[in-house]
Every structure is written in C-alpha cells, then in structure tokens.
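Single-structure report; data block below.
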Amino acid sequence: MLRHLDIRDMLIIDRLELAFQPGLNVLTGETGAGKSILLDSLGFVLGWRGRAELVRQGADQGEVVAEFDLAEVHPAWDVLREAGFSYDESLILRRINTRDGRKTAWINDRRVSGEILRKVSETLVELHGQHDDRGLLNPRGHRILLDDFGGLSAKQTKVRTAWRALSEAQKELAMAKAKVAELQEEEDYLRHAVSEFDSLSPIAGEDAELDKQRRRMQAAEKIGEDISKAYQALGLNGAEGMLGDASRWLADAAGQAEGALEGALAALDRAMTELSDAQSGVEACMDALSFNPHELEQVEERLFAIRGLARKHDVLADELGPFADQLRERLVALDRGESDLADLEKAVNSATASYVSAAADLTTARRKAAAKLDKAMASELAPLKMERAVFVTEVTETEAGPEGVDLVAFTVATNPGAPAGPIGKIASGGELSRFLLALKVCLTGSESGLTLIFDEIDRGVGGATADAVGRRLAQLAEQGQVLVVTHSPQVAALGGHHWRVEKRQTKDATLSTVVGLVDAERIDEIARMISGDRITDEARAAAKSLIDGQLI
C-alpha cells in the first residue's frame, strides 16, 4: 500500500507530506483546490505520462517521493528482482523534474530507467475515473481481466504450452522443407559428385606420395642410361676385367720379382673388393630405378585426377575425403527427406490437435466466466440505479495465438433494446463511472496488492446512488487500500481517513495544501459539501448522520 507521499515544488504545491492509511482514504475540497494536481504528482513519480510543465514557478526543480509497504510476494518484487534488486520491506520511488524538462528516477536510492519505473508502478497503483484509458476501458486488457475473474490461469498455461509446442513443430517442419527444397535443387550435382568421389576414392596424403613417385620415375628416365654405362664400365668388359688381367699378370711375375710385387697385389685385392661393393651399389640402384613405363603413366593419371577434383571443388587434395563425406551426408539427407517430412507433418498435426483442444477448453471456460461476470454485474448495477442497463461480456473468435482464439470485449446497453457497444463509447459520464465501479467490484475477488485510486468516479450521482457508490468503494477498501477524490458527501462520510485539499493565497503565489480531518473538522467538511460555503446546523446534523451510517 501507499504509505507516504512527499511533494516539493510541483505546480502550485511548495511542500506537502501525506501519510496514507489502509482502507478507504477520501480527498475532498472545492473545485480548483488542487486535487487533480495531487494525482498529477503521484502519476509523475509513478512514471505515468502527464503534464509537460510540472515544476512550480520560481523553483529549479520539482520532486516527488512515494513510499510503499509491500509484502515479499508482491508482484513489484518480481519486476525488481529481474532488474537486480533485492527484497526490502519498504519501496521508495523518487523522481525529479528540472526546469529544462529533464526527468530522473530512483528506486530505493538506485537510479532506474523510465521503463522499469512504469513496469513497477503497474503493480503498485491502478487509477480509475471517467477518463480511464489505462485500466478497465482498455479493450486489450479485457481478456486478462476475464481470465483472472474466472480463475483460468491453469487453462491459460495449457494453451500457451500447446501454442509453443505447435510453433516449434511448425518451425521444424518449415526448416526441413526448406532444406529438402535446397537439396533437391542440387540433386544432380550431388549424385554426379558422389559418383566421381566413389570412383576415385582419394585418401589423405595420397597426393604427396604420388608426386614423390612421379618425380622418382622421371628422374630414373634421365639418369638410367648413365648408371647403366657405369655398370658396364665396372663389369668384366671394363674395370673388373682389366683389374683381373692385371692381377693374373702380376701374380705370374711375382715369383721372379723376389717380393717386389706383393704390395701391388695386395692393393689390387683391395681394389677388387671395393669394385665389387661399387658394382653391388650400382646394381641396387638400377633395381630401385627400374619400373614399367606404363606405371609412370598410371601414377601421373591418378595424380592429375586427384588434383583436378580438388580444383573443381575448391578444396585441398587432402580434404577431398571429408568433403566427399559431406556430400554423401547431404545426399542421404535428401533421400530420407520425404520420410522425415512425413514424421514432422505428423508432429505438427498432433500439436495442432492439442492446441485446438486446449483452446476450445479455454473458450468454453471463458464463456462460462463471461456469463458469471454478466450476472454479477447485473447484481451490482441495480443498487447503482442502473437496473435497466445491460452489461455483456462478448467472447468472439479471433486469430489463434498463445492466449487462445478468443477476443474478449466488455459491452453495455444503457437501456433494454438499445444496441450494445464498447463500454467507453456507450455510457455517459455518470453511467461510465458506475459501470467502472461495478466492474471493479466484480473483478476484485482477492487482494491484489494494488492501491486503487478513483478520481471523481461518483460524479453525476447523488442520494441513495451516491451512498451505494461509497459502500462499494468501502467494500473494495476492505481488501487493501483505496484513494478516492470525491465531491459526494455520501462517499466522503464512508471514508476511514479524510483529507481536505485547500488552496491558499500568499502575497506572491497561490499554493495548494492538504489537511487531515478528524471529528468536528470532518463533520464541517461534509456539511460544506452538503450545503455549500454557509455551513448550517442542519448541514452539520446531516453530515453527522451520514458519518453514523444514516442515509439522507
């Protein structure tokens, strides 16, 4: 509930501190005393849109502070926790407006954006009056109000869950169809490419190995003839034969050389050994370089095929294998696409059936709640002297969505047989006030934690009707806190707490202030509301009778 309101330098208020109480708080005063300014100031600290010029003449800035006492489970804390706040028993809103129009807001001494301020204020205060465009007259909120009245949160959740499942299933089906369509456009390419890869079957590292083989074969062609000549030169017809002949000749002559040829013979033996090693090495090289000329052709053909395929698909040769796997996967996806689409379409059909069932169940429940609300409204309108008026909650079909398939609108006909229409367009000022009050009484089934403000909602009514209005305001106040700006003595007499808004003249300015009233002061104020400026004993007696609960 709203506990304190501190206003400084706003319009014609220089300094004002108010301490509101639970129950029904009434504000009275003469026309032009500043009651609307009080509400403008409260709306300013709550972040509502209002007057552009709020700073009092001669002041540098205006400031409003509002303090609320809230339970830990109050919806405001859900909003604030998302913004990083922690629970505190008191919630203090502070907002300033400078002369140049800049506005700055704080919540519990922490600066916040206007968006957060407005989200929080929506859970704190609800304003109703003849120009109510934020609450009951807003058609966009009628479905929410009806669902709350009917206690349909479980059915709402079921519909939202079914809608989310349907949306996801439709999204998956759409994505799958798009993917299959894309694959179908390149089906010929995929099948031809996969066929090429299957025929060639390239493996990682093969390009480098083939290139190495090719270079070795090409080198063998160039050096093979020289190596062959060298081998011949080292053989029997060459060095080996000549060394053999020299060794035999020297051996025959050694017997007569008296040892002079032993060193030469030993050297020839060593030379023959080295020559043999050289012959073995050359022979091994010739064996290694020997190849079938057709084999070079095969190596070059495969090497060029691999490199050509890599260029064709703009990948590295060693990446051909993984790339081929990707193409095969896409081809498999295409081949099984129709089967997958069939399964996804079944899932969409199933989700659609679940949503239609849940939405139909919610529609039935809404129609029952609407009939119940219409009946409750009829009971409320009769004491408000509107027994001939007809209130109808229309539930019509609209486009499917997360909230179901229903469009909800509160309509009224002020007289039997008259055409029904939107509540905000059909009812006159006084009728509208009573419609709104009756509707609020019906819709407020449990404590919401909201401070309800009614701005001259009793305008245009008097006598027993005004008394009925006051009693319904008092009924609402039993569940929390209600602030009502009123010109009706019957309503004011039912208040648990009474303030009078006064305008006072100073030498330099006109200022507005608020005075708390008790006992005789309260009687005099209600007497003024009855009789005007001249308060008579009869008016005081009538005021006392109203306070004591006796209708005049």
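Applying the side-chain contact (heavy atoms from CB on, under 4.5 Å) criterion to Ile96, with sequence neighbours excluded, gives Gln61, Glu63, Arg94, Thr104, Trp106. Take Asp361 and apply the side-chain contact (heavy atoms from CB on, under 4.5 Å) test, not counting sequence neighbours, and it matches Lys155. When the ring pair (Phe, Tyr, Trp, His ring centres under 6.0 Å) test is applied to Phe85, no partner is found at least two apart in sequence or on another chain. Applying the side-chain contact (heavy atoms from CB on, under 4.5 Å) criterion to Glu387, with sequence neighbours excluded, gives Ala382. Remark: Asp374 engages no residue in a salt bridge (charged side-chain N to carboxylate O under 4.0 Å, His left out) (not counting sequence neighbours). Residues passing the side-chain contact (heavy atoms from CB on, under 4.5 Å) test with Ala539, sequence neighbours excluded: Ala527, Ser531, Thr536. Legend: residues meeting salt bridge (charged side-chain N to carboxylate O under 4.0 Å, His left out) with Arg99, ordered by chain and number and at least two apart, are absent. Partners of Phe44 under the ring pair (Phe, Tyr, Trp, His ring centres under 6.0 Å) rule, at least two apart in sequence or in another chain, do not exist in this structure. For the salt bridge (charged side-chain N to carboxylate O under 4.0 Å, His left out) test, no residue two or more places apart in sequence or in another chain qualifies with Asp519. Partners of Arg504 by salt bridge (charged side-chain N to carboxylate O under 4.0 Å, His left out), not counting sequence neighbours, listed by chain and number: Asp14.
Within 6.0 Å of CG in Asp100 there are more than 12 heavy atoms belonging to other residues, nucleotides or ligands. Within 6.0 Å of atom CG in Asn349, more than 12 heavy atoms from other residues, nucleotides or ligands are found, so the atom counts as buried in its surroundings.
Thr98 contributes atom OG1, which lies 11.0 Å from atom CG of Leu54 (distance to the nearest 0.5 angstrom). Distance check: Leu70 CG to Leu91 CG gives 5.5 Å after rounding to the nearest 0.5 Å. Put simply, CG on Leu38 and OG1 on Thr513 are 10.0 Å apart, with the number rounded to the nearest 0.5 Å. In this structure, OG on Ser121 lies 8.0 Å from CG on Leu93, to the nearest 0.5 angstrom. Distance CG/Leu24 to CG/Leu476: 9.0 Å, rounded to 0.5 Å. For the atom pair CG of Leu39 and CD of Glu456, the computed distance is 9.0 Å after rounding to the nearest 0.5 Å.
Here the side chain of His74 pairs no donor or acceptor atom with the backbone of Leu450 at under 3.5 angstrom. Between the side chain of His142 and the backbone N or O of Phe410, at least one donor-acceptor pair lies under 3.5 Å. A donor-acceptor pair under 3.5 Å is absent between the side-chain atoms of Asp69 and the main chain of Ser90, judged by distance alone. Using a distance-only test at 3.5 Å, with no hydrogens or angles considered, no donor-acceptor pair links the side chain of Ser357 to the main chain of Ser354. Checking side-chain atoms of Lys35 against main-chain N and O of Glu30 turns up a donor-acceptor pair under 3.5 Å. The main-chain N or O of Leu344 is never found under 3.5 Å from a side-chain atom of Glu172 such that the two would form a donor-acceptor pair. One N or O on the side chain of Thr364 and one on the backbone of Ala360 form a donor-acceptor pair closer than 3.5 Å. In this structure, Tyr355 contributes its side chain and Arg164 its backbone to no donor-acceptor pair below 3.5 Å. No side-chain donor-acceptor contact under 3.5 Å links Ser350 to the backbone of Lys346.
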Exercise. Carefully, step by step, assess Ser488 and Gln490 under the rule side-chain hydrogen bond (donor to acceptor under 3.5 Å, both in side chains).
Key: CA-CA 5 Å; Ser488 169; Gln490 289 89 344; 3.1 Å; yes
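Within the structure, salt bridge (Lys or Arg N to Asp or Glu O under 4.0 Å) contacts touching residues 407-420 (residues at least two apart or in different chains) do not occur. The salt bridge (Lys or Arg N to Asp or Glu O under 4.0 Å) contacts involving residues 484-502 comprise Arg500-Glu502, Arg500-Glu525, where partners must be two or more places apart or lie in separate chains.
A salt bridge between Glu122 and Arg118 is absent, with no side-chain N of the basic residue lying under 4.0 Å from a carboxylate O of the acidic one. Salt-bridge formation is detected for the pair Arg471/Asp467: a Lys NZ or Arg NE/NH1/NH2 atom is positioned less than 4.0 Å from an Asp or Glu carboxylate oxygen. By the 4.0 Å N-to-carboxylate-O rule, Arg143 lies too far from Glu403 to be salt-bridged with it.
Nearest heavy atom pair, residue Leu117 against residue Ala105, reads CD2-CB, 3.8 Å. When every heavy atom of Val55 is checked against every heavy atom of Asn97, the shortest pair comes out as CG2-O, 3.1 Å. Val45 approaches Ala66 most closely through the heavy-atom pair CG1-CB, 3.8 Å. The shortest heavy-atom contact between Arg522 and Ala493 is NH2-O, 3.0 Å. Heavy atoms only, all atoms of each residue included: Ala413 and Ala420 are closest at CB-CA, 4.1 Å. Pro402 and Arg160 make their closest contact through O-CG, 3.2 Å (heavy atoms, listed as atom of the first residue, atom of the second, distance).
The shortest side-chain heavy-atom distance between Leu42 and Leu2 falls under the 4.5 Å cut-off.
Under the 30°/60° scheme for interplanar angles, the aromatic rings of Phe435 and Phe391 are found to be tilted.
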